[in-house]
Amino acid sequence: MAKVLHSTNCFNTLIRVAEDCPAQRGEEPQPRGGQPTVAVLQYQMIAGAPYKYTSDDVVFATSAAGRALDAKAAKKARSLVRETFFSRGQACMRASPLGKRFGWGVHADAEGRIALYAVDSKRYQALAPDPDIAQVRAMRNKRA
């Protein structure tokens, strides 16, 4: 019996910043205690290559399991760890600190590849009212 894989990918969707996001514009996340946070890793990966990676790629690469793999890890080993990782449901980009705290919207194109747009950018303002793009919010920081 094949394992069921749970994807975090979304298509033709804008994940808007959380309603209670404290940032008024896109802020670049900073390392904490000299160590990169998940927000820093996600920001560097997506901002450095817009529309190259899917949500699954980013979530896996910035997870503890993905970071534990050596860059020279064999493709088969990487694939096995990734399959095990996605055999359980994972938090999607709606739960990312980029949209919850740092003011970044995440746009997924028709192929599921993602890019970041600052909440105060013209591109974000153009995507937000677009009726052809699914609109969801990043998760709130606190319960209502």
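- Here the CD1 atom belonging to I46 is positioned 6.0 Å from the CG atom belonging to L98, to the nearest 0.5 angstrom.
- Nearest heavy-atom pair across A18 and K100 is CB-CA, 4.1 Å.
- Between H107 and Y124, a ring centre-to-centre spacing not shorter than 6.0 Å is recorded.
- Placement of I114 and M139 in two distinct hydrophobic clusters is found when ILVMFWY residues are connected by side-chain heavy-atom separations under 4.5 Å, directly or transitively.
- Other residues, nucleotides and ligands place more than 12 heavy atoms under 6.0 Å from the CD atom of Q135.
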Intermediate values then yes/no, side-chain contact (heavy atoms from CB on, under 4.5 Å), R113 and K52: CA-CA 6 Å; R113 298 170 306 189; K52 179 177 180 183; over 6 Å; no

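- Salt bridge annotation for D20-R101: absent, with no cationic side-chain nitrogen under 4.0 angstrom from a carboxylate oxygen.
- Separating the CG atom in L127 from the CG atom in D132 is a distance of 11.0 Å, to the nearest 0.5 Å.
- Within the 4.5 Å cutoff, side-chain heavy atoms of Q42 are placed close to those of P97.
- Rounded to the nearest 0.5 Å, atoms OG (S7) and CZ (F86) are 7.0 Å apart.
- For S55, the side-chain contact (heavy atoms from CB on, under 4.5 Å) test picks out T8, N9, V59, M93, with sequence neighbours left out.
- Here the closest heavy-atom approach between residue C21 and residue G103 is recorded as SG-N, 3.6 Å.
- Here the CD atom belonging to Q90 is positioned 9.0 Å from the NE2 atom belonging to H6, to the nearest 0.5 angstrom.
- Listed for the T84 side chain is a donor-acceptor partner under 3.5 Å among the backbone atoms of L80.
- Remark: side-chain polar atoms of S79 are not paired, donor with acceptor, to backbone N or O of K75 under 3.5 angstrom.
- Here the closest non-hydrogen pair linking A110 and F11 is O-CD2, 3.4 Å.
- Minimum interatomic distance between P31 and V40 (heavy atoms only, all atoms of both residues): N-CG2, 3.7 Å.
- Between L116 and V106 the shortest side-chain heavy-atom distance falls below 4.5 Å.
- Within the model, atoms CZ of F60 and OG1 of T54 stand 11.5 Å from one another, a figure rounded to the nearest 0.5 Å.
- The shortest side-chain heavy-atom distance between E83 and V81 does not fall under the 4.5 Å cut-off.
- Considering all non-hydrogen atoms of both residues, N141 and P22 come closest at ND2-CD, 4.2 Å.
- To the nearest 0.5 Å, atom CG of residue L41 and atom OG1 of residue T37 are 6.5 Å apart.
- Annotation for A138 and I15: closest pair N-CG2, 3.8 Å, computed over non-hydrogen atoms.
- Evaluation of the ring-ring contact (aromatic ring centres under 6.0 Å, His included) test over residues 15-48, restricted to residues two or more places apart or in two chains, returns Y43-W104.
- In this structure, the side chains of R94 and V136 come closer than 4.5 Å at one or more pairs of heavy atoms.
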